[in-house]
Amino acid sequence: MTGKLTAEYLLPDLTDAERERAARVESVLPAIAAAAQSADEAAALPEGHIKLLADAGLLGLVVPEEFGGLGGGLRDLAATTYTLGTVCGSTALAFFFHCSSSSRGMLPLAALDAGLYNEEEAPVVRAFAEKVLHLMGTDQKAIGNFASEAVKASNANVLIRTTATRTEGGWLLNGEKSFGCLSGTADYYLVTARREDVEGLDALTLFLVPRETEGSRPRSAWLGLGMRASDNNGLIMENCFVPDELSLAVPGAFTRATSMSRGSWVGNQIAIAAIYAGIAQGVWDYALGRTMGAKFADTGKPIASSPMHQVLIGDGEQHLAEAHLWLRRQIELEASDPPILPKNEVVKSWKLAKGAICEHAHQVSLAALKMCGTSGALMGNEIGRAVRDTAMGLVQAFPAERGKLDLAKMIVDDEGYAGLTTTDSFKK
């Protein structure tokens, strides 16, 4: 295999296996790039994108081969979201939210290996984990991961108040998810809820909700500043029935699983930050190509040779390099085997890394905007999409200011990471 892959701008040390998987991603880039502007205008993920990714085997990118997947890991996921981000941030985000569902299979399996479940719990946990992974790998089904809700708590980033109530043969879900891609598009929704009959974090439960399930529907059309074509329409559930075989309702099972993650409670959020770095790389290549290709009428020299442009080029290169450096460092901390640092130190690093990567990425898009001037400042072209999409990185999950505050509290007050909570635990 010859030629530099987009993923190698981020990870120049790809293994042969990683490079093979990255080549699959490269193969779908032309089609995704060609649809990016019209998808942004329509504010909807193109209908053929899921099949395109499935045909390339990419819906099982981070699923072990024993479950029909490609056997990739966190490095593969970050490299893929980065690569997709260079041409379409919306598709990259939707793909991430699908792949993030794999943690709901991999983390429980890791917790099983660690002996965190008793003999009665273990078969239920294993069945659910393997169901998630087989859907993604063997069946190449798209899964939308729905955890976030509009209501926030002062002591956590995610407050879960969607309820799960026991009924004959399964559970009734009631609640509203404010954020989550592939709404109305995914084959299944992976929903985090809380059992009404259990208190605290042990109440957190997981459910696989088929898209056409009665009582479930998209919340509202996503008219956000950026990532407009990710089908980020949220989810409303009203007495939505989920059978036992699509449920992981063992008290404490989910929280024990999340304890196995190397970084944040989701376990792979660095791959979201990789999207914004990818967008920055893509718009930077566009801006350089445009200003190098355009010539001054009197001298014939590239517009990029002007003093103003060269200042912007220096600034943009610096911000792009710093985004890459922060990203590589965090990926290494979360993917290295054996671990370089203990989990609490990895989480501390993530608190800074997320904001730094996204703010540097946005600065790159602003430099590209200035380089290309008024004629390049179009709403739907590479410049317009990048400015809007990277702006979402300033607030998505948490802004840099929240990350710094969390880090300071962890250092000064010796506080643990409050990644999520429930309505019950919040009331306490």
Give a yes or no answer on whether the side chain of R228 reaches the backbone of A42 with a donor-acceptor pair at less than 3.5 Å. no
If we count only N and O atoms by modelled type, under 3.5 Å, do the side chains of S261 and K343 hold a donor and an acceptor together? yes
Close side-chain approach of W222 to D231, heavy-atom, < 4.5 Å: no
Looking at side-chain heavy atoms only, is the closest gap between R104 and N145 below 4.5 Å? yes
Does the cation-pi check pass for K141 over Y188, that is, NZ or CZ under 6.0 Å from the six-membered ring centre and within 45° of its axis? no
What I'd like to find out is whether the side chain of I313 reaches to under 4.5 Å of the side chain of L288, using heavy atoms alone. yes
From SG (C372) to OH (Y286), nearest 0.5 Å: 6.0 Å
Between Q140 and G137 (side chain of the first, backbone of the second, donor and acceptor by atom type, cut-off under 3.5 Å), is there such a pair? yes
Any idea how Y189 and F146 line up, ring-wise: parallel (<30°), tilted (30 to 60°), or perpendicular (>60°)? perpendicular
Charged N to carboxylate O below 4.0 Å: is that the case for R21 and E18? no
Could you tell me whether the side chain of E345 and the main chain of P342 form a donor-acceptor pair under 3.5 Å? no
Can you find a heavy atom in the side chain of L10 that is under 4.5 Å from one in the side chain of I331? yes
Just by distance, with hydrogens left out, do T86 and T6 show a side-chain donor and acceptor under 3.5 Å apart? no
Please confirm whether the backbone N or O of R195 pairs with a side-chain atom of R166, one donor and one acceptor, at under 3.5 Å? no
Could you state the interatomic distance from CD (Q330) to CD (E332), rounded to the nearest 0.5 Å? 10.5 Å
Between the CG atom in L107 and the OG1 atom in T255, the distance rounded to the nearest 0.5 Å is 12.0 Å
Between CD1 of I32 and CG of L53, what distance do you get to the nearest 0.5 Å? 5.0 Å
Is there a side-chain contact between D406 and F398 in this structure, where contact means two heavy atoms from C-beta onward sitting under 4.5 Å apart? no
Could you check whether any side-chain heavy atom of R329 comes within less than 4.5 Å of a side-chain heavy atom of L325, counting everything from C-beta outward? no
Please round to the nearest 0.5 Å and tell me the distance separating atom OG of S178 and atom CD1 of I236. 11.0 Å
Under 3.5 Å, which donor-acceptor pairs link side chains of residues 125-135 to any protein atom two or more places apart or in another chain?
residue	atom	partner	partner atom	Å
H134	ND1	T138	OG1	2.8

Just so I know, are the side chains of M379 and R388 near enough to count as touching, which here means a heavy-atom distance under 4.5 Å? yes
Decide yes or no on salt bridge (Lys or Arg N to Asp or Glu O under 4.0 Å) for D13 and R328, but give the supporting numbers first. CA-CA 11 Å; D13 60 339; R328 289 183 190 123; over 6 Å; no
Would you check if the side chain of R75 reaches a backbone N or O of S336 as a donor-acceptor pair within less than 3.5 Å? no
Check this for me, if you would: do R24 and E20 make a salt bridge, where the nitrogen-to-carboxylate-oxygen distance has to be below 4.0 angstrom? yes
Ignoring hydrogens and angles, tell me if any N or O in the side chain of H324 forms a donor-acceptor pair with the backbone of L320 under 3.5 Å. yes
State plainly whether the residues E8 and R19 are in salt-bridge range, i.e. N to O under 4.0 Å. yes
Are any side-chain N or O atoms of T162 and backbone N or O atoms of G175, one a donor and one an acceptor, separated by less than 3.5 Å? no
Interatomic distance, L190 atom CG to L206 atom CG [nearest 0.5 angstrom]: 5.5 Å
How about I50 and L59: do any of their side-chain heavy atoms sit closer than 4.5 Å? yes
Is it the case that the side chains of Q318 and E322 hold a donor-acceptor pair, with the cut-off being a distance below 3.5 Å and no angle test? yes
